[in-house]
Every structure is written in C-alpha cells, then in structure tokens.
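This report refers to the structure that appears directly beneath it.
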Amino acid sequence: MGVITIDGRKVNFTNEKNLLEIIRNAGIDLPTLCYQPELSTFGACRLCTVEDDRGRLFASCSEEPRDGMVILTNTDRLRKHRKLIIELLLAAHCQTCLTCEKNGDCKLQSLARRSGQTTIRFENYKEMVPLDFSSPSIVRDPNKCILCGNCVRVCAELQGVGALEFANRGSETMVMPAFDREIGTTHCVNCGQCRVYCPTGAISIVHNFTPVWAALNDPNVRVVAQIAPAVRVAFGQAFGFRNGENVIGKVVAAMHRMGFEEVYDTTFSADLTIMEEAAEFVERVENGGKLPLLTSCCPAWVKFVGDNFPEFSDNVSTCRSPQGMMSAVVKEYYRDKKNNPDGRKTIMVSVMPCTAKKMEAKRPNSFTEGEQDTDFVLTTKEMVDMVLSTGVDFDAIEPEAPDIPFGFGSGGGVIFGVSGGVTEAVIRRLVPGNDQHTMNEIAESGVRDGEEETFIREFTIPYNGMDVKICVASGLANARKIMEQVKSGEKEYHLIEIMACRRGCIMGGGQPRLTNVKKSVVRRDGIYAADKETVVKKCNENPMVLSLYDGFLKNREHKLLHNPMFFAK
Ligand code: FES
C-alpha cells in the first residue's frame with residue numbers, strides 16, 4: 001500500500017505485484033515483450049525500463065513497488081533506450097515481415113512502429129536455421145525468435161508440459177525442444193498456447209487453407225464444413241466486433257459464399273457426444289467400470305494422458321470428439337449411394353478454435369473404413385484469413401443459419417466451448433426436467449466459475465441415490481496436479497473433465513490471439529448467452545439427434561461415435 005509519483009502524477013497502489021502493473025493501471029501502456037501477468041517474471045527484453053528521480057534506469061516488471069517512489073516513463077533517454085532495443089531486435093531478426101504469418105499481428109512490428117523505427121543500422125550476422133515443420137499443428141521458425149521466453153514459460157508453467165527450453169549460451173542462445181529434437185517428436189500436446197504467447201512469427205499455425213481452396217474449386221468434390229462452438233464468440237474479434245459477440249450466422253453466410261456446400265454446427269455432434277458419454281458414464285458407475293471417467297473431447301488432454309499417465313488410458317472415454325463424430329457421420333451418410341447419386345467425393349473441413357484438432361484428425365483412430373474422417377482442420381484464425389482473402393464485407397453480410405440435418409444443436413452442445421461445459425451438458429442429460437429453474441440449479445452446482453475464476457473446480461451432485469464426485473479443470477498444469485492426486489489416492493472422483501486451454505476452447509491456440517485470461521470472461525459469457533438463446537437445452541431433447549438415432553445411426557453407434565483404439569503412437 002502506498003503512493004508513487006508517475007510522470008508527476010500521484011498514484012495509489014495496493015497489492016500490485018510489480019511497478020509495471022501500477023504504471024499500467026495508471027493508464028500508461030509501457031511497451032513489453034517478455035512480460036505476461038500470468039507467467040513468472042523473466043526480465044529479458046528491458047523494454048519496460050523506467051527512470052527514477054536519481055536517474056537510475058531499471059526494468060519495472062522486476063521492481064517491487066515502494067511507497068514514495070518517483071518514476072518517469074517517457075524521457076528522451078528512455079525513448080532512445082527503447083528504440084535501440086527494438087533496432088537491435090530487428091537487426092537480429094529475419095526480416096521477411098511482409099510474408100510472415102504474424103504480419104499485422106506481430107508485437108515486435110507494432111512496437112517498431114510505435115517507437116518510430118525507420119532504419120536498421122546493424123547487420124544481421126545470425127546464421128539462418130531450418131524451420132521445424134514436424135508438428136501437425138505448429139511451425140517453429142527460430143529465425144524470428146527474440147528470446148522473450150514466453151513460449152518456454154507458458155509450456156512449462158501453464159501447461160505443465162515443458163516441450164521447449166533455452167539451449168546454448170550468449171549469442172548462440174536459442175529456444176528449442178530438448179536435444180534439438182523436432183517438436184513433433186516430443187511430448188508437445190499441440191495445444192498451440194506457445195503460438196498465442198509468441199509475440200512474433202517464431203511459432204505459427206500449420207496452414208491448411210490452400211488444399212481447402214483447391215477442393216472448393218473442384219466441381220467433382222462436395223465440401224462440407226462444421227464450425228465448433230467456441231468459434232462463434234472469438235471470430236468477430238478479427239473484424240472489429242465486440243469480443244464475445246456471437247457471429248456464427250455471419251461465419252456460416254461467408255462460408256456459403258466461399259462455396260462450402262453444407263455448413264454444419266458442431267453443437268449437433270456435441271449433443272451426440274453427450275448422449276454417448278453420459279451413457280458410458282452411467283454404465284461404468286452401475287457396472288463397476290474404470291473410474292474416474294476422463295473426458296475425451298480435448299485432443300491435447302488425451303495426448304497428455306497417453307504421454308504422462310498411460311496407466312489411466314482405459315479411464316479415457318471411448319467417445320470420439322464432436323469433431324470426430326460429425327465427420328464420421330457425414331462421411332458415412334455420403335458413402336450411401338442413395339444420398340450421393342452423382343458419386344462425388346466428400347471433403348470434410350472443420351473450423352476449430354484449436355490447433356490440436358489438426359493432430360486429432362490425423363490420429364490413427366480418426367479413420368473410418370480406411371478413410372480419414374476430417375480431411376482438413378482450419379483454425380478460427382485461418383478461416384478469418386480465408387474470409388479476408390475473399391473480400392466479403394463481414395460487417396454487412398446477412399447472417400444465415402447452419403444447414404440441416406446436422407446443424408441444429410442444443411444449449412448443452414453450445415456450452416462445450418467453455419471449461420465445465422461438457423460436464424454441465426452431461427448433468428443436463430442425466431437429471432430430469434428442462435425448465436429454467438432446473439437449468440439454473442445445474443449452472444450453480446459448482447460446474448461454472450463463481451465470482452472468482454477457478455481453473456480447478458470440485459463438486460458433488462446427487463444421482464440415483466449416490467453422491468457423484470466431479471472435478472472440472474482447465475490448463476494442463478492443473479490437470480497434472482489433479483492426476484497426481486488421483487494417482488496417489490489423495491483424491492477420488494467419478495468424473496474428471498479437462499480442457500487443455502484455460503477456460504476451455506474459447507482460449508484455444510487457434511483463436512484470434514488473447515493472452516489475458518481475465519479478458520476471456522467476455523468470450524465465456526458470450527457462450528452462456530448463446531446457450532440462453534437456444535430453444536432446446538438437452539441433447540436428448542434435440543429432435544434431430546433423436547431421429548438420427550432412430551434411423552441412420554441404428555447399429556452404427558459404435559462404428560461412428562466411438563474410437564476403435566485410443567492412443568496414437
Ligand atoms: Fe520487463 Fe521485458 S517486460 S524486461
């Protein structure tokens with residue numbers, strides 16, 4: 001507690017963890033590259049340097065606030081200092097900005113503009129190193145790395161994976177997987193959080209839009225798409241809409257114009273997932289099956305279990321993810337000649353908030369009858385780029401509804417986009433009643449965040465005379481904590497839901513970038529608002545789902561909705 005003078009203005013502070021936070025709270029957006037409020041302080045970039053009344057320069061992110069401090073943030077000396085840092089970073093950076101994936105979204109680029117950098121006086125003596133294309137989800141370009149360490153810390157601290165590290169010393173320092181292995185051969189779970197936190201183009205998404213455009217232009221191909229629940233509340237961010245605003249109708253309309261013949265809503269297959277997963281849960285509880293049941297819809301989490309807790313492999317639900325179910329069902333539908341009289345090939349494209357879905361689509365258990373179910377996975381960011389390339393006026397385009405029969409989902413399917421959504425949908429399925437009072441009671445059972453954000457939530461619900469113990473968590477570091485406790489016998493649950501990204505898919509590695517988890521509340525609330533607008537709240541009351549089970553799905557449930565085997569080798 002105390003008062004600090006910043007640029008001549010008195011500013012009160014309470015429990016801010018460093019001087020930088022106080023300066024930002026005072027409305028001064030000091031430039032930074034390596035500071036992330038949710039990660040440990042690294043103090044590498046020195047851009048946050050300020051000056052005190054004795055002329056001392058120091059990094060504000062690493063300075064503890066003291067009552068009576070007098071700070072200057074914008075002197076000539078500081079401006080020169082920042083400009084020089086940016087110039088040195090640019091000099092050591094591969095300067096292919098115009099063709100870089102992060103062009104327009106690069107923090108280094110925007111700071112260069114902000115600091116008025118117009119020339120680079122120094123030569124780049126760094127040797128170019130090869131790019132790492134080994135991952136199905138992300139591309140590493142070490143030539144664009146500025147050694148801020150954000151990716152190293154997010155992978156270790158938030159995700160508990162530690163696939164990236166610093167190697168070598170001095171001017172040879174690089175970020176890479178241990179022993180300079182290719183990232184695709186490590187325990188990387190493909191969550192893409194490193195790409196979200198990377199301020200430059202050193203880590204980017206593997207792009208799949210070129211083959212998708214080719215398919216869209218091929219008259220012998222039927223291109224069918226699905227859009228995941230979390231996409232609707234983040235897509236608009238790239239077009240100046242309020243973050244959290246539900247723009248699914250506009251995305252559907254834009255995709256129809258691009259030539260996607262059918263555009264479905266993954267909330268439909270999320271309903272199928274809950275039908276199957278709730279049945280599997282009840283079956284395991286009643287017949288002494290493996291418990292806790294671990295949810296299976298997040299592919300990064302599934303890989304994390306296989307890599308770190310293989311003894312729990314049989315606890316993972318055998319249900320395919322909503323992406324997998326939708327693609328398997330649609331492909332099967334068109335395998336039937338009467339639904340495909342002209343014999344055209346069907347290409348399934350999914351639009352996902354998640355980079356790990358690209359890996360899931362290629363897992364050996366994502367094939368049916370030898371055919372890959374989902375041909376191409378595009379992240380939200382890639383679909384944004386596709387829409388931009390068409391020149392469609394996203395602001396003006398009239399919303400369109402997803403197509404039928406696989407485009408109608410319940411509210412339970414919509415809330416898959418947030419952490420706790422799968423569990424909440426399972427509870428909706430299992431308890432009787434569908435009125436507002438019942439829905440509110442479920443929402444308040446502990447499955448959702450309260451006033452404070454909680455990335456691990458434990459609660460109990462009564463079901464059939466027993467107390468069902470549930471744990472919902474997001475962020476793989478939190479998942480590791482829970483699994484260690486379950487393994488040691490310290491904790492016991494019937495059901496564990498994990499989403500690899502904190503707050504769930506709304507903060508997925510393929511969404512328009514948002515690193516501040518506090519700000520993601522608006523996306524979460526957007527999902528809950530979208531649920532409120534749905535007519536049907538429960539998967540088992542979705543008429544499209546019921547008619548599918550009654551007809552087309554009969555005797556094909558296992559083939560299309562479950563995984564023939566679980567872990568990709
Ligand atoms: Fe303080 Fe980088 S933000 S050193």
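Keep in mind that what you see is a predicted model, and the values were worked out from it rather than measured. Numbering of ligands and ligand atoms starts at 1, following listing order.
Residue C48 approaches ligand 1 through these ligand atoms, each under 4.0 Å from one of its heavy atoms: 1 (Fe), 3 (S), 4 (S). Taking every heavy atom of T32 and a limit of under 4.0 angstrom, the matching atoms of ligand 1 come to 3 (S). When each atom of ligand 1 is checked for a heavy atom of C34 under 4.0 Å away, the hits are 2 (Fe), 3 (S), 4 (S). Near Y35, meaning under 4.0 Å from any of its heavy atoms, are these atoms of ligand 1: 3 (S).
Evaluated for a side chain to side chain contact (heavy atoms under 4.5 Å, CB included) with L378, the options V349, D385, V384 yield exactly one hit, V349. The one candidate from R82, E87, Q109 that meets the side chain to side chain contact (heavy atoms under 4.5 Å, CB included) condition with Q117 is E87. Among the candidates M507, R524, R502, E497, the single residue satisfying the side chain to side chain contact (heavy atoms under 4.5 Å, CB included) test with S419 is E497.
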Ring pair (Phe, Tyr, Trp, His ring centres under 6.0 Å) between F394 and F235, worked out = CA-CA 11 Å; F394 192 74; F235 199 95; 5.3 Å; yes
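Of the protein's non-hydrogen atoms, R46 N, 3.1 Å is the one closest to atom 4 (S) of ligand 1.
At least one N, O or S atom of C45 sits under 2.8 Å from atom 2 (Fe) of ligand 1. Backbone or side-chain N, O or S atoms of C61 reach atom 1 (Fe) of ligand 1 at under 2.8 Å. Distance check for C148 against atom 2 (Fe) of ligand 1: none of its N/O/S atoms falls below 2.8 Å.
Contact check on R457 versus D449 returns a salt bridge, with a Lys/Arg side-chain nitrogen under 4.0 Å from an Asp/Glu carboxylate oxygen. We find that K250 and D393 are not joined by a salt bridge, their nearest charged nitrogen and carboxylate oxygen being 4.0 Å or further apart. Look at R232 and E245 and you find no salt bridge, because none of the NZ, NE, NH1 or NH2 atoms lies under 4.0 Å from a carboxylate O.
Residue contacts with ligand 1 for A44 involve N, CA, C or O but no side-chain atom from C-beta outward (heavy atoms, distance under 4.0 Å).
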